[in-house]
Amino acid sequence: MKCIFCKQDSSRSVSVEHVIPESLGNKKTVLPKGAVCDSCNNYFASKVEKPVLESAEFTHLRFNQLIKNKKGRVPETKIVIGPHAVTARRNEKLDFSFKPEDFDKIQAYLNTTKKGIIAIPVSGPPPHNHHLSRFLAKMALEALAFRWLKNEGWNEYIVNHEQLDEIRNFARYPKRNEIWEYSKRRIYDENSSQKSIDGVGYQVLNEWDILVTGDIDNSEFYFVLAIFGMEYSINLGGNSMDGYKAWLENNDNISPLYLEKNIT
């Protein structure tokens, strides 16, 4: 077994790799031990995933949607109570806890008003494009590997495929402040619910697919991911989204995630 990023022997690695981070609700889409070596796994956790997940945009999303991290905690964020910005931790849907130093401010405000106002930010500034594009690149290569797991020789194929070297190196060994083009658009409301066969409503935390465009002689592979209705896409073959833009234009801007003939 070799790591699909650094290509070094990973037969002694002990950690599994979540294609979509656990902190975004993924528990099942996991690569086996050695697919991503321990060194690369730790690197991505601190240098790629952390800057994205701790950005204001993702922190507010996880706070508002009660998405717990691997330790079972919803991240803290700033909310506004009256004239005060205070740090809040969300325990349940309408259950908040506050830091001791903020409690006196909240109590003083509530003692002076009959109608308390609580404002919870809907979103915040997104992560830097350098971090987000590498975040997508890392997940894209892992998603492709996940799809190939059942095929004999999948590891050798992913590791030795030269056309994947550009995206694997961008994810693991980028140039300073290097940015890849990617697509980002909302395809449904963050709070919208889907109906199951039995009529029970549910929310979709994340969903993904691999879109193949072109023909057998000239094809491109795009990783497409939606997180609470925000769709992201990146090209597995290089730093260009022209093919994806053309595909969207030719398909009435329908998300590949919802066009049945393109589900792989």
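Everything numeric here is computed off the predicted structure, so don't read it as measured data.
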(message) Please evaluate residues Asp102 and Lys78 with respect to the criterion salt bridge (Lys or Arg N to Asp or Glu O under 4.0 Å), reporting the C-alpha separation (whole Å), side-chain torsions for both, the decisive distance (0.1 Å), and the verdict.
(response) CA-CA 11 Å; Asp102 289 328; Lys78 291 285 186 180; 5.1 Å; no
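The 12-atom threshold is exceeded at CD of Glu101, counting heavy atoms of other residues, nucleotides or ligands nearer than 6.0 Å.
For Lys68, there are no side-chain hydrogen bond (donor to acceptor under 3.5 Å, both in side chains) partners at least two apart in sequence or on another chain. Remark: Arg186 pairs with no residue by the side-chain hydrogen bond (donor to acceptor under 3.5 Å, both in side chains) rule, at least two apart or across chains.
Within the 4.5 Å cutoff, side-chain heavy atoms of Tyr173 are placed close to those of Cys6. Between Phe98 and Ile79, some side-chain heavy-atom pair lies under the 4.5 Å cut-off. Residues Pro126 and Lys184 have side chains in contact (heavy-atom distance under 4.5 Å, counting atoms from C-beta outward).
In this structure, Phe5 has its ring center under 6.0 Å from that of Phe44.
In this structure, Val212 is a member of the same hydrophobic cluster as Tyr232, with clusters built from ILVMFWY side-chain heavy atoms closer than 4.5 Å. By the rule that hydrophobic residues join a cluster once side-chain heavy atoms approach within less than 4.5 Å of another member, Ile254 and Val204 end up as members of one cluster. Tyr109 and Phe103 are not part of a single hydrophobic cluster, where members link through side-chain heavy atoms under 4.5 Å apart.
Of the residues Glu17, Lys33, His18, the one that meets the side-chain hydrogen bond (donor to acceptor under 3.5 Å, both in side chains) test with Asn41 is Glu17. The residue from Asn253, Asp242, Thr213 that alone fulfils the side-chain contact (heavy atoms from CB on, under 4.5 Å) condition with Trp247 is Thr213.
Apart from Val80 itself, the hydrophobic cluster it occupies contains nothing, where clustering links Ile, Leu, Val, Met, Phe, Trp and Tyr at side-chain heavy-atom distances under 4.5 Å.
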